[in-house]
Each structure stands twice: as structure tokens, then as C-alpha cells.
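A note on names: the letters A, B, ... follow the listed sequences, proteins ahead of strands, and every chain is numbered from 1. Any value given below was found using the heavy atoms of this structure, including those in side chains, with hydrogens, waters and symmetry copies removed. Here the structure is a predicted model, which is why all the values come from computation and not from measurement.
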2 protein chains.
Amino acid sequence: MATRTDAPTRREQILKEAARLFAERGFHGVGVDEIGAAVGISGPGLYRHFAGKDAMLAELLVGISESLLRGAKRRLEEAEGVAPGAVLDSLIEGHIDFALDDRPLITLHDRELDRLRDADRKLVRQLQRQYVELWVGVVRRHYPDLPEPAARSAVHSVFGLLNSTPHLTRPGSLPDRAGTAELLHRMARGAFAAAARS
Amino acid sequence: MATRTDAPTRREQILKEAARLFAERGFHGVGVDEIGAAVGISGPGLYRHFAGKDAMLAELLVGISESLLRGAKRRLEEAEGVAPGAVLDSLIEGHIDFALDDRPLITLHDRELDRLRDADRKLVRQLQRQYVELWVGVVRRHYPDLPEPAARSAVHSVFGLLNSTPHLTRPGSLPDRAGTAELLHRMARGAFAAAARS
DNA sequence: CAGGGAGGTTAGCGGTCGTTAACCTGAAGG
DNA sequence: CCTTCAGGTTAACGACCGCTAACCTCCCTG
């Protein structure tokens, strides 16, 4: 995997700033002029790169959903044959990395879905559903006695737990990334274990 | 406690519908005409009851925060002298009841805070902080070895877990309220216990 | 039975927002 | 050296939105 060292393209700059602004003030609370100003150009200049404001949100949400699902699939394949508990740990770790490193995206992910055009929303929902079902499968392999509906609820709840990071430590980045990650990981595992103790 | 049987006032109708709409489409995504239509009057008619759209959101958010804090204080007092674990259970139960019965409000509570005027936002934040600190105190009494910053992070994360209910079961009300509540309760307890296992 | 206030109505104003149109500019390529 | 084109610019349009103004209509009350 070529960890990119080249400068980000203008499109990428725009997406990054748009994500931050959308997460801070909501999709309808941000004007195109603000997004443009955040990357040093003026509002209408954005239309050289995107068809419209909606298209930016769509690309962000589809990108997140695909990235989450792709990462989870990769971790599932890599863990072929190992203990199901280890696979679950790997999924949790991946989700925490995402939540800690791409906080605006995680926020948008479950907050602005309904602002999408029908086709895009369907796609994002489908990707999200696949991601959830992948988790449900792993959880049930590790806790065979946990009924499927309960497992699905538990997965959603653990997502809520892991996605709570944006609420911690408002402005500056987290004080102790490793410690926070480890605490979240332990809590997620504890929550699943408690869900399985019928 | 006089469980009210009388009809809701117009103000209350408006607040309820506004909460639902704000939660569904975001504060900026809802027009006053829509809110009016939801209670059978037209947009400007709302101004007989509220100073403006901002005032509705402010009243909603202050109301939620006060209600949560008041309930938690009451539960804390009622549990004078009992085991700290039981107090924690009572707090969890209260928060779950709120999350299950007032889903739009719980959604607004951590989503639209930044749309408030400065004075209102300060007030709501202060109430939220008191609520969190009350939880932190109870958690630390039950798990004395858990350091305070970790306890605070754990409380925020458990809120994320409990507040995830709006994401479960999209349209209709939950299939099994009691079962859902019990699952959430167990998971919250498991998450706290895991956080305390250094 | 006057009258006055509570709670509506519609018309419209001023501002903002997303988007388009028309134009400009600097760098690359034949 | 001329052309082209990617990537900007400003001006402006149309739609929408929050809110006010002006008016109406019951219903209660002295």
C-alpha cells in the first residue's frame, strides 16, 4: 500500500474542509461560500470540481461507507482461521481507528444521511447494512447463544459507544490517543460480553 | 405525581412536532411553515406562541437538559444509603427510559446544541455538565480504582451507547421495549465494568 | 350587548442561499 | 507565438425562509 506522500488535490482539500464544516454546523448550516473560503477560493469556484453541494456530501458519505466496509472485509479475510474473538478485536480496532482519525466523517455518517438524493441514500444504506451484518456474523460466531436480533441491536449500540469519541475533548486532539483507544476497546468488549450473558 | 390526563396545550403540541421535525431533518432543514402545518396552523401562526424558531429549539434543549438532571438528582436522593451499584442501575434505568420514550429529544440533545444563542447554549452546556459529573461521581463510588478522566470518558461513551436507540428500528416503535431496555442496561453495566478492569 | 384579547389568517419584505453566466488568466503544447 | 484549457473571478438570478404587518373572528366577560 503506497502511503501517499504527494500533496492532496484540490478536490481532496475541498472534501476535507466540507466534512469538517458539515460536521460542525450541519449540512444546511454551511454555505458554499464558507466551504470555498476554507480552501482559499470563492463559492462558485467549487463548481469546477463538484456538480453541487449535494454531490460533496454524497461523495463523503459513500466514501466513508465504502472505506469502513472495505476495511472490515480485509480484516475478516486476514483473520481466516484464527479465533473469532480475535476477529472481533480486529473489527473493533479498525472502527476505533476510524472514529479517532476521521471524526468529522464519523459524525456525518449517522447524522446527515437523510439529506442525500434517493439513489445515493440507498447506496449508503446498503453499504452500512453490509457493514453491520458483517459485524453481526462475527459477534454470533463468538457468542453462538446470542440471538440474531439481540446481536444486531448490540452491534448498533457498540457503534454508538465507539462513535461517541467526537463528544470527548472538544477542540484539541485527544490527550492520549492510545489510552482512549484502549479504554474504548475494553468497553466495547465488555458490552458485547454483557449482551451475551442472557 | 399527577400524571396529567388533560389535553396538551397548543404550545406543547408545537414543541413536540418541532422536536420530531428537527430530529428528522435538522434545525436548518425545517421551515416554520412545516412546523405550523404539523399542528394544523400556518407558519406565522406560531409566532403567537414563540418568539421565533430559535426560541423553540432553546426551550426544547433547556427542557431536556433540566429534565435529565432533575431525574438524576431525584434518583440519587431516593437511593440514599443503598449500594452504589444500585444507584448506578437507577441512573441507567432513567436514562434508558428517556432515550426510549423521547427519542427525538435525545437526538436533538447532542446534535443541535450549536444552533443556540450564546446564553442558551451556555445554560444547556452547564446542565449537561452537571448531569455528567453526577454520573461520574456515582461511577467512581462504585469503581474507586477508576481514575476520574477515564470515568468521565466512560460515562460519555455509555451515553453514546444508550443514545443509539434512535438508530434501531427506524419507523415503528420498538418491537419489544422491555427486552431492548434490559439489553441496553446489561451492556451499559458491562461497559462500565470493563472500563474499571484496568 | 359592547368590547377586547387570544389565536388565527394572508400578503409581503428583506436577506440569504445554491447555482449559472460571462469573463479572465497563466501555463502547457504544437 | 498562438491556442487551448483548467481553474479561477464577479455579477446576478430565482427560490426560499424567517419574520412582521395588517386584518379577521370567535369567545369570554363586565
Q.
Other residues, nucleotides and ligands only: do more than 12 of their heavy atoms fall within 6.0 Å of CD on B/E78?
A. yes
Q. Salt bridge or not for A/D54 and A/R115, using N-O below 4.0 Å?
A. no
Q. Is B/E17 paired with B/R20 through a side-chain N to carboxylate O contact shorter than 4.0 Å?
A. yes
Q.
Taking any heavy-atom pair under 4.0 Å as a contact, classify A/G45: base, sugar-phosphate, or nothing.
A. base
Q: Could you go through the side chain to side chain donor-acceptor pair (under 3.5 Å) check for A/N163 and A/H95 one step at a time?
A: CA-CA 9 Å; A/N163 294 350; A/H95 196 102; 2.8 Å; yes
Q: Could you tell me from which nucleotide to which nucleotide of DNA chain D, 5' to 3', there is an atom under 4.0 Å from chain B heavy atoms?
A: D/dG18 to D/dC23
(Q) Using 30° and 60° as the class boundaries, would you call the ring planes of A/F192 and A/W135 parallel, tilted or perpendicular? (A) tilted
Q: State whether A/K16 and A/E12 are salt-bridged, where the test is any N-O pair (Lys NZ or Arg NE/NH1/NH2 against Asp/Glu carboxylate O) under 4.0 Å.
A: no
Q. Can a salt bridge be assigned to the pair A/D97 and A/R177 using a cut-off of 4.0 Å between side-chain N and carboxylate O?
A. yes
Q: Search all heavy atoms of A/S157 against all heavy atoms of B/L184 and return the closest pair with its distance.
A: OG-CD2, 3.4 Å
Q: Quick one: label B/V39 by what it contacts on the DNA or RNA (base, sugar-phosphate, nothing), any heavy atom closer than 4.0 Å.
A: nothing
Q) How would you label the contact of B/G52 with the nucleic acid (heavy atoms, under 4.0 Å): base, sugar-phosphate, or nothing? A) sugar-phosphate
Q) What are the 5'-most and 3'-most nucleotides of DNA chain C lying under 4.0 Å from any heavy atom of chain A? A) C/dG18 to C/dC23
(Q) Return whichever of B/R10 or A/A51 has its heavy-atom-nearest nucleotide of DNA chain C closer to the 5' end. (A) B/R10
